[in-house]
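Chain letters run A, B, ... following the sequence lines, proteins first, then strands; residues in each count from 1.
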2 protein chains.
Amino acid sequence: MEQLQDSTILSPGHKDVTAGPCLQTAGCRNVAPVLNRVGDKWSMMIVMTLSDGSKRFSELKRAIDGISQRMLTLSLRGLERDGMVSRTVTPTIPPRVDYELTELGRSLREPVKALGDWAIKHIDCIRSAQRRFDEREDAA
Amino acid sequence: MEQLQDSTILSPGHKDVTAGPCLQTAGCRNVAPVLNRVGDKWSMMIVMTLSDGSKRFSELKRAIDGISQRMLTLSLRGLERDGMVSRTVTPTIPPRVDYELTELGRSLREPVKALGDWAIKHIDCIRSAQRRFDEREDAA
DNA sequence: CGGAATCCCAGGAGATACTG
DNA sequence: CAGTATCTCCTGGGATTCCG
């Protein structure tokens with residue numbers, strides 16, 4: 001089996017965590033893995049797409065458009081592993097597999113929405129900041 | 001100049017956005033870039049670290065511990081480009097550069113904290129879900 | 001001190017082909 | 001249909017070195 005994306009952030013060659021000196025870093029260390037999944041392009045797309053009910057593999061693949069079946073599989077595995085998504089196999093022929101947000105997954109939608117609202121609210125600000133930055137850079 | 005991490009998510013070989021069929025995907029497309037920066041390991045660390053006031057380059061490097069100067073530079077550039085962080089050069093000898101959260105950057109702390117709180121609140125749930133998942137997998 | 005430039009490699013991710 | 005298995009290409013990112 002290929003190495004599953006484990007979302008466990010641990011700097012390679014890093015000392016022991018329990019001996020961690022930085023206070024905020026400790027809390028950060030808990031948050032980082034979650035952010036990493038949430039921040040992931042495909043995982044987010046999937047959660048969004050599953051927001052309005054369960055979908056089967058091929059439905060997801062078609063809905064998300066641009067995702068390869070490989071990344072869909074891997075991302076779903078990651079979300080399933082994190083307990084965000086449940087996977088239900090119906091062993092008919094041909095087989096049918098449905099994915100659905102778990103309670104945990106659904107509870108995630110709220111804070112993510114908060115962040116999404118922030119993003120939408122400030123997207124213009126960010127865009128223009130980027131433009132200004134790029135212009136100054138081009139001038140140089 | 002090396003290609004700056006532009007945080008602009010656009011599937012390669014993707015059709016035109018304006019013709020996009022999916023409604024929620026459109027909003028998602030705005031949110032994704034932001035999430036991608038927010039979800040970024042180092043960028044988050046930096047924002048966290050800058051939460052309590054401005055810091056200079058070497059302070060950040062020491063505070064974050066594990067980051068390479070390359071990634072620190074690149075991440076700071078990204079944050080600066082997005083208007084989250086301001087960069088102030090004091091041309092003394094030796095030179096001194098201070099980084100500070102902008103208003104935009106500070107406003108980001110709140111929704112991020114919401115997400116962080118969610119993460120902390122559910123981290124046990126996630127961890128145990130991961131353990132269960134891994135055990136079932138080992139059994140197979 | 002704060003970077004920029006270069007080298008280099010492991011891991012991320014697409015395309016394709018095969019299977020239960 | 002819903003994956004798994006390869007193969008391959010490409011980028012992210014560490015280490016190191018040089019510059020103002």
Rounding to a whole Å, what distance do you find between [X]:[atom1] and [N]:[atom2]?
X	N	atom1	atom2	result
A:Arg77	D:dG3	CZ	C1'	8 Å
B:Arg87	C:dG2	CZ	P	10 Å
B:Asn36	C:dA13	CG	P	10 Å
A:Leu60	D:dA2	CG	P	9 Å
A:Leu72	D:dC1	CG	C1'	13 Å
A:Asp40	D:dG12	CG	P	14 Å
A:Arg96	D:dG3	CZ	P	12 Å
B:Lys55	C:dG2	NZ	P	14 Å

Consider the side chain of [X], meaning its heavy atoms from C-beta on, and name the nucleotide among [options] that approaches it most closely.
X	options	answer
B:Gln69	D:dA2, C:dA5, C:dG2	C:dA5
A:Arg70	D:dG13, D:dT6, D:dC1	D:dT6
B:Met71	D:dG14, D:dG3, C:dG14	D:dG14
B:Ser68	D:dT16, D:dG3, D:dG14	D:dG14
A:Phe57	C:dA4, D:dG14, D:dA2	D:dA2
B:Val97	C:dC1, C:dG2, C:dT16	C:dG2

Rounded at 0.5 Å granularity, tell me how far [atom1] in [X] sits from [atom2] in [Y].
X	Y	atom1	atom2	answer
B:Met71	B:Ile46	CE	CD1	8.5 Å
B:Ser86	B:Leu50	OG	CG	9.0 Å
A:Met48	A:Leu101	CE	CG	11.0 Å

Can a donor-acceptor pair be found, under 3.5 Å and without considering hydrogens, that links the side chain of B:Arg96 to the backbone of B:Thr90?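 Such a contact is absent between B:Arg96 side chain and B:Thr90 backbone.
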Main chain of B:Met84, side chain of B:Thr102: is a donor-acceptor contact present, judged purely on distance under 3.5 Å?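 It does hold such a pair.
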Are OP1 or OP2 of [N] and a side-chain N or O of [X] less than 4.0 angstrom apart?
X	N	answer
B:Thr73	C:dA4	no
A:Arg56	D:dA2	yes
B:Arg62	C:dC1	no

